2 protein chains.
Amino acid sequence: MNQPPDIARELRRAYLFADMSEPHLQSLINSLQDIRLDAGKTLFRQGQAAERFYFVHEGLVKLFRLSPEGDEKIIEIMRPGETFAEAVMFMGNQRRYPVNAEAINASRVYAFEQKVFLNLLRESNEATFGLLGSMSRRLHMLVNQIESLTLQNATYRLVAYLLEQIPRDVKTSPEVQLTTPKGVIASRLAIQPETLSRILGKLRQGGLIEVHGNHITIRDVQALRDTAHIPPPE
Amino acid sequence: MNQPPDIARELRRAYLFADMSEPHLQSLINSLQDIRLDAGKTLFRQGQAAERFYFVHEGLVKLFRLSPEGDEKIIEIMRPGETFAEAVMFMGNQRRYPVNAEAINASRVYAFEQKVFLNLLRESNEATFGLLGSMSRRLHMLVNQIESLTLQNATYRLVAYLLEQIPRDVKTSPEVQLTTPKGVIASRLAIQPETLSRILGKLRQGGLIEVHGNHITIRDVQALRDTAHIPPPE
DNA sequence: CCAAGGCATTGACCTTGGTCAACCGGGCCC
DNA sequence: GGGCCCGGTTGACCAAGGTCAATGCCTTGG
C-alpha cells in the first residue's frame, strides 16, 4: 500500500473535500480503497444497495440509466478530481444507487465507506458544507440539463457541449479534443449517434468547424454560438 | 401578526425541518415572513440574487425555466408542506436563483432569510442533515425526470403522472382530481397542451380512463400501466 | 497480411409530437 | 343578455430526429 504524500492535495480538488481539516482528510485517506477498473467494467448498478461513494483518480466513469428496451442515457460523465454517489447517503432508509456506473476507459477510483464519512460529518461542519456545495452544484447541472432537453434542440445541445469543451482563456480558432467516443457524447446529449454525425456534418459544411476524427477545430466561435442562439459567456 | 401555535408542526412536514430542535425551529419561526401571492404573481426570477428560501403554506408555486422564445418548462410544482430554493444557499459566491418562481393559485408562502438559517446550520447537525435529505431527494427527482424525458415518450410521462396522482391505498377505479390546469401539467411533462389533450383522448377511446373536466376516473389501472410499459409499484 | 469487430458515416424512410388555425364552452364583466 | 376572454379540443399539416440498412475505416489479433 504505497501512499503518495499528495493524495490529500488531489482529493481537495473536489468541492466535497476542499475545506476539510487535515486530520479528517487523513483519516478518510487511511480508510479509502483504491479500485482499478478496465474499460467497460461496471462499478455499480442502479438499485444496488449503496454503501460507498467514489472519487475519480484517473479515467472516465459514466453514470447512466437504461430503458427497458436497453437504450442508455448518460446522466453525467465523471472526470478525474470529481466525486459521485455521495448524495445517495441521505436518501433515507433504502439507500440504493439511482443510476448505473461504468468505466469508459481503464480507470482508477477511490472508494469511501459511507459509515466512516457520516461519522466524520457529524463532528465536522466544514465537511458538511463541502458536501452541500457539491450537491447544490449537481442540482444546478441537472436543471440545466432538463432545460436543454426540453427547451432546446439537438444542434443547440451539441454546440453548447462543444463550447464547454473549449479550454479557458483561448480566443482564436480553439481546438477541441473529444475525450470520449462520439457515441458516448451522443448518449450524454440524448441524441442518436447518427444524428450527432449529421449535425457535425452540417456544421462542417457551414464552415463553422473542422472535424478530424476526435479532434475538432472551431473556425468561428461567434457564428457557432449564433446558429444555436447561445448568448456569449457571462 | 397572529401566530397559531401549530406552525411548528406545519413546518415539520418538510424534511428540511422535520428533525430540527424545538428552540431552533422557534427562532426560525420568529424570523419568517408570511407572503401572500395572487394567482400568477411572480415570487422571484431566474438570475436574481437569492437571499431567501421558501415554504409553501397554501396554494401552488411553479418553478420554471423560459427559453429565449418564451416557451416555458416547469421543473417542479411546489405544494403545501414543501420547501424550495434552499439549495441555492450553497452555490458559492454568486447566489442567484436558477429558475423562476410564480404562484399558480392564490398562495401563501413563508420566507426565511438565508443568513439566519445558515447561522443555525453551523450550530446544529440535525438541521443540516435535514437539508441534506431534502437536496438528495430533489436530485433523485431530477434524475427521474431526465430519464423520462429522454428514454420515454409523452404517453409514458402522462400515464406515470396520472398514476402518481392516485391517492395511496386505493385499489379499484381510482379517481384523480387534477390540481392544476391542464396547460400547467403539459409544461411539467414537457409536452404541448394539444398533445396532452390528444393523449387523454386516446386513453379515453381505449376505455382506460374517463375524463370529466379536471376529474379523471381510471377504469383499468393495470391496462394503463401496460400501455406505457410501467412496472407495478415496488 | 488478412480477417473481424467496433465505431462512425451516409442514405432512405418513418414516426412522434409540434405548429397553426379554427372552434367550443363556460365564466365574467359591462 | 351579449360579448369576450381563456382554457381546452380537434383537425390538417410539418419537421426534427429516430430507425434501419449498407458501407467505410481503423484497430487488433491470429
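In this text the structure is predicted, and so the values were computed from the model without any measurement. Residue numbering restarts at 1 for every chain, and letters A, B, ... go by the order of the sequence lines.
One atom, CG of Leu149(A), and another, C1' of dG18(D), lie 16 Å apart when rounded to the nearest Å. We find that CG of Leu200(A) is positioned 14 Å from C1' of dT10(C), with the value rounded to whole Å. Spacing between atom CG of Leu203(B) and atom P of dT9(D) amounts to 12 Å, rounded to whole angstrom units. If you measure from atom CG of Leu196(A) to atom C1' of dT10(C), you get 14 Å, rounded to the nearest angstrom. Per the geometry, CZ belonging to Arg204(A) stands 12 Å off C1' belonging to dA8(C), to the nearest Å. Rounded to a whole Å, the NE2 atom of His212(A) is 13 Å from the P atom of dC26(D). Protein atom CD1 of Ile191(A) is 12 Å distant from nucleotide atom C1' of dA16(D), rounded to whole Å. Per the geometry, CG belonging to Asn214(A) stands 12 Å off P belonging to dC7(C), to the nearest Å.
Each of dT9(D), dG18(C), dC7(C) was ranked by its minimum atom distance to the side chain of Lys182(B); first place goes to dT9(D). For Asn153(A), counting side-chain heavy atoms from C-beta on, the closest listed nucleotide (dA16(D), dG7(D), dG17(C)) is dA16(D). You'll find that the side chain of Gln192(A) is closest to dG18(D), out of dG18(D), dT19(C), dA21(D). Set against dT10(D), dC7(C), dA21(D), the side chain of Glu194(A) has dA21(D) as its closest nucleotide. The side chain of Arg198(B) sits closest to dT10(D) out of dT9(D), dT10(D), dG18(D). Considering only the side chain of Ala154(B), dG17(C) comes nearest among dA8(C), dG17(C), dG18(D).
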Apply side chain to side chain donor-acceptor pair (under 3.5 Å) to Ser67(A) and Lys73(A), showing your working. CA-CA 8 Å; Ser67(A) 76; Lys73(A) 167 63 172 92; over 6 Å; no
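The aromatic rings of Phe112(A) and Phe17(A) sit tilted relative to each other, their planes meeting at an angle between 30° and 60°.
The side chain of Thr195(A) contributes an N or O atom lying less than 4.0 Å from OP1 or OP2 of dG18(D).
The residues Glu82(A) and Arg13(A) are annotated as not salt-bridged, no charged nitrogen and carboxylate oxygen being separated by less than 4.0 angstrom.
Between Phe55(A) and Phe84(A), a ring centre-to-centre spacing not shorter than 6.0 Å is recorded.
Without hydrogens or angle criteria, Ser107(B) side chain to Leu37(B) main chain gives no donor-acceptor distance under 3.5 Å.
Within 4.0 Å of Pro181(B), counting heavy atoms only, lie sugar-phosphate atoms of the nucleic acid but no base atom.
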